[in-house]
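Every chain is numbered from 1 and lettered A, B, ... according to where its sequence line falls, protein lines coming before strand lines.
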Amino acid sequence: MPSVPQFALVDVNNFYVSCERVFNPKLEGIPLVVLSNNDGCAVARSNEVKSLGVKMGTPWFKMKHFARQHGIVTYSSNYSLYGDMSNRVVATLRTFTPDLEVYSIDESFLRIETVASLYGGAIPMGQQIRQRIRQWTGLPVCVGIAPTKTLAKFANHLAKKHSAFDGVCDLHALTHPERLAWMLRIEVGEIWGIGPKIAQRLHAMGIHTVLDLYRASSKTMRAQFSIVMERIGHELHGIPCLELEDVQPRKQILSSRSFGAPVESLEALREAVASYLATAAEKLRRQQSVAGAVHVLLMTNRFKEHEPQYNPSITIPLNEACDDTLRLTAAALKGLEAIYRSGFYYKKAGVILTLLSDKAQRPVSLFDDATTHKKSEKLMVTLDVINRTFGQGTIRSAACGIEQPWAMRAESRSPRYTTRWDELPAVQ
DNA sequence: TCTGGGGTCCTAGGACCC
DNA sequence: TCTGGGGTCCTAGGACCC
């Protein structure tokens, strides 16, 4: 049995952009961006857009003119579609091995050392993964393979950026001098866990490339930075410090949105907070947790420096932890009323469910009323089933409002092709 | 006019205890 | 003039990820 671990990182290329192209092949080869919520920033860019020099996170209003000049096509984000496509990719990966960690909406880590030989080795297995995902979902992926997760991320970066790898880079297959040569070519900030701040400090210490970091003393790194950096150092040397992780229930659940236009009135804020809370509570029940407290926050527009700023927040503890939307809504609105001040233009509101615990182990308080409990239980199950079947918000509390004039902008969202019967793609 | 949303982990520092 | 030592717990803030 091989004793060296082999991690494979499978990552969809330009995920949101690729999802749009699956259902609209005319977009192939055309410069394309997908915008964040509220049509705020560019969060996904096709290769054509990347080579035009548009950076990740560029505010849309700043690039609108440039986009028109270069024929860039834009879409609002369509999370129903991306979430569903993501599930299909993961289901496809599970046909290769159950030993898998879903790391993000478009990335999964696999342990492949025990199964790679079934496919004729790691690289042929990587190629079959690419081929099968392309055939079953229409999405392009790249695969990085290495003895640690950090190196697998690095290998994936190489597979993406250098066509010589044909979409699959296995670091085991390179000689030691070849690996060092690649490390010399890549900037240290590309390494998983090295963000802009730490990259800057590393530069100041004369560490510019991955190779520089690879050669730095782990003692110095531990002293200058934290245990996280020491771990990165070990991982770069092929000593695994990170294992595949099981899905853990969230420790907090946040739901927040910027408004389509500034909001002043308490009434509108009440609707928004109630709506966000409904989303968060649905996620809470899905992971079978109960919340012990509700945190509510408001924000004014931080980019308008001349306008008065006010960013209050408050935590409302609950007498007993629960997952009931109506009771959580009451707590959230109580919090909102406590922090609301008139005379400000609010840009964003949010709720965070915290002090989460396993519902099955929920402590029963002295004042627990079994009848009320059962009713709430039934009501929430019914609510979730209806909303899952007929679409989010089909049944909601009256506090969420009807017109919702504060709702975010999404001016060019594609149809939810795979999750709504009335938006199925038509074939001509 | 227009600038996203949802997470985790680590550390430092303060409160508090004996 | 001169004011201990050792521990835990909690929180806020900062860093990172996608």
Side-chain angles (χ1 to χ4, degrees), chain A residues 9-16 33-45 54-67 74-79 82-83 86 101-109 149-150 153 156-157 188-202 222-232 241-242 245 247-262 276 279-280 283-284 287 293 295 297 299-305 307 311 313 315 345 347-356 407-411 413:
Chain A
L9 177 67
V10 182
D11 183 323
V12 183
N13 307 346
N14 313 331
F15 181 53
Y16 299 168
V33 301
V34 173
L35 301 175
S36 64
N37 272 329
N38 219 25
D39 292 346
C41 305
V43 289
R45 303 153 295 155
V54 175
K55 296 274 176 277
M56 171 75 174
T58 307
W60 168 236
F61 79 93
K62 282 191 183 169
M63 60 172 283
K64 213 180 233 174
H65 182 64
F66 179 85
T74 61
Y75 277 81
S76 304
S77 28
N78 184 348
Y79 287 103
Y82 311 149
S86 173
E101 172 192 340
V102 178
Y103 175 66
S104 77
I105 194 165
D106 73 329
E107 284 173 71
S108 292
F109 284 105
K149 283 174 130 182
T150 304
K153 286 281 263 184
N156 188 279
H157 175 84
V188 70
E190 295 292 342
I191 290 296
W192 190 38
I194 313 272
K197 289 275 161 62
I198 291 178
Q200 208 181 350
R201 285 173 60 195
L202 287 170
R222 176 72 182 93
Q224 291 289 313
F225 299 93
S226 70
I227 192 158
V228 181
M229 183 64 94
E230 191 180 13
R231 232 159 16 208
I232 291 172
C241 301
L242 304 167
E245 283 174 29
V247 181
Q248 300 291 337
R250 299 272 175 239
K251 294 172 181 173
Q252 58 173 46
I253 296 174
L254 184 147
S255 176
S256 72
R257 290 283 179 284
S258 297
F259 304 126
Y276 303 161
T279 307
K283 282 189 197 168
L284 180 74
Q287 71 165 34
H295 190 79
L297 54 100
M299 290 170 87
T300 46
N301 190 340
R302 68 197 157 101
F303 295 103
K304 298 204 166 173
E305 288 160 28
E307 281 185 6
N311 303 304
S313 72
T315 302
Y345 292 110
K347 181 61 186 159
K348 182 174 176 173
V351 298
I352 309 176
L353 302 179
T354 58
L355 300 181
L356 305 192
M408 67 177 189
R409 274 185 304 273
E411 284 171 1
R413 201 196 60 212

Can you measure [X] atom [atom1] to [N] atom [atom2] for me and round it to whole angstrom units?
X	N	atom1	atom2	value
Glu307(A)	dC2(B)	CD	C1'	13 Å
Asn13(A)	dC18(C)	CG	P	15 Å
Met63(A)	dC2(B)	CE	C1'	13 Å
Glu230(A)	dC9(B)	CD	C1'	16 Å
Met229(A)	dA15(C)	CE	P	13 Å
Asn311(A)	dA12(C)	CG	C1'	16 Å
Ile232(A)	dA15(C)	CD1	P	15 Å
Ile194(A)	dC16(C)	CD1	C1'	10 Å

Between the protein and nucleotides 4-7 of chain B, list the N/O to N/O atom pairs that are separated by less than 3.5 angstrom.
from: dG4(B); atom 1: O4'; to: Ser36(A); atom 2: OG; distance (Å): 2.8
from: dG5(B); atom 1: OP1; to: Ser258(A); atom 2: N; distance (Å): 2.4
from: dG5(B); atom 1: OP2; to: Ser258(A); atom 2: OG; distance (Å): 3.1
from: dG5(B); atom 1: OP2; to: Lys348(A); atom 2: NZ; distance (Å): 3.1
from: dG5(B); atom 1: O3'; to: Arg257(A); atom 2: NH1; distance (Å): 3.1
from: dG6(B); atom 1: OP1; to: Arg257(A); atom 2: NH1; distance (Å): 2.8
from: dG6(B); atom 1: OP2; to: Ser256(A); atom 2: N; distance (Å): 2.6
from: dG6(B); atom 1: OP2; to: Ser256(A); atom 2: O; distance (Å): 3.0
from: dG6(B); atom 1: OP2; to: Ser256(A); atom 2: OG; distance (Å): 2.8
from: dG7(B); atom 1: OP2; to: Leu254(A); atom 2: N; distance (Å): 2.6

Treating a pair as Watson-Crick (purine N1 to pyrimidine N3 plus N6-O4 or O6-N4) or G-U wobble (N1-O2 and O6-N3) with both distances under 3.5 Å, list the stems of 3 or more consecutive pairs that involve DNA chain C.
-> B:5-18 with C:5-18
Would you check if there is a donor-acceptor pair between the side chains of Asp106(A) and Ser104(A) at a distance under 3.5 Å?
-> yes
Is Lys149(A) close enough and on-axis enough to Phe109(A), meaning under 6.0 Å and within 45°, for cation-pi?
-> yes
For Ile198(A) and Met229(A), work out which heavy atoms get closest and say how close.
-> CG2-CE, 3.3 Å
Tightest non-hydrogen contact, residues Leu355(A) and Ala293(A), listed as CD1-CB, 3.9 Å
Hey, are the side chains of Lys347(A) and Met299(A) touching, using non-hydrogen atoms and a 4.5 Å cut-off?
-> no
Within the pair Arg231(A) and dC10(B), is there a side-chain N or O less than 4.0 Å away from OP1 or OP2?
-> yes
Which is true for Tyr103(A) with a 4.0 Å heavy-atom rule: it touches a base, it touches only sugar-phosphate, or it touches nothing?
-> sugar-phosphate
Reckon Leu35(A) touches a base, only the sugar-phosphate, or nothing at all at heavy-atom distances under 4.0 Å?
-> nothing
Lys304(A) has its side chain closest, among dC18(C), dC16(C), dC2(B), to dC2(B)
If you check the Lys62(A) side chain, which of dT3(B), dC16(C), dT1(B) turns out closest?
-> dT3(B)
Could you tell me whether a side-chain N or O of Asp39(A) sits under 3.5 Å from a main-chain N or O of Glu411(A), the two making a donor and an acceptor?
-> yes
Could you tell me whether a side-chain N or O of Ser86(A) sits under 3.5 Å from a main-chain N or O of Ile105(A), the two making a donor and an acceptor?
-> yes
Determine the interatomic distance between P on dC18(C) and the same-named atom on dT3(B); round to the nearest Å.
-> 25 Å
Would you call the rings of Tyr276(A) and Phe259(A) parallel, tilted or perpendicular if under 30° counts as parallel and over 60° as perpendicular?
-> parallel
Name of the residue among Ser76(A), Ser77(A), Ser258(A) meeting side-chain contact (heavy atoms from CB on, under 4.5 Å) with Asn38(A) | Ser258(A)
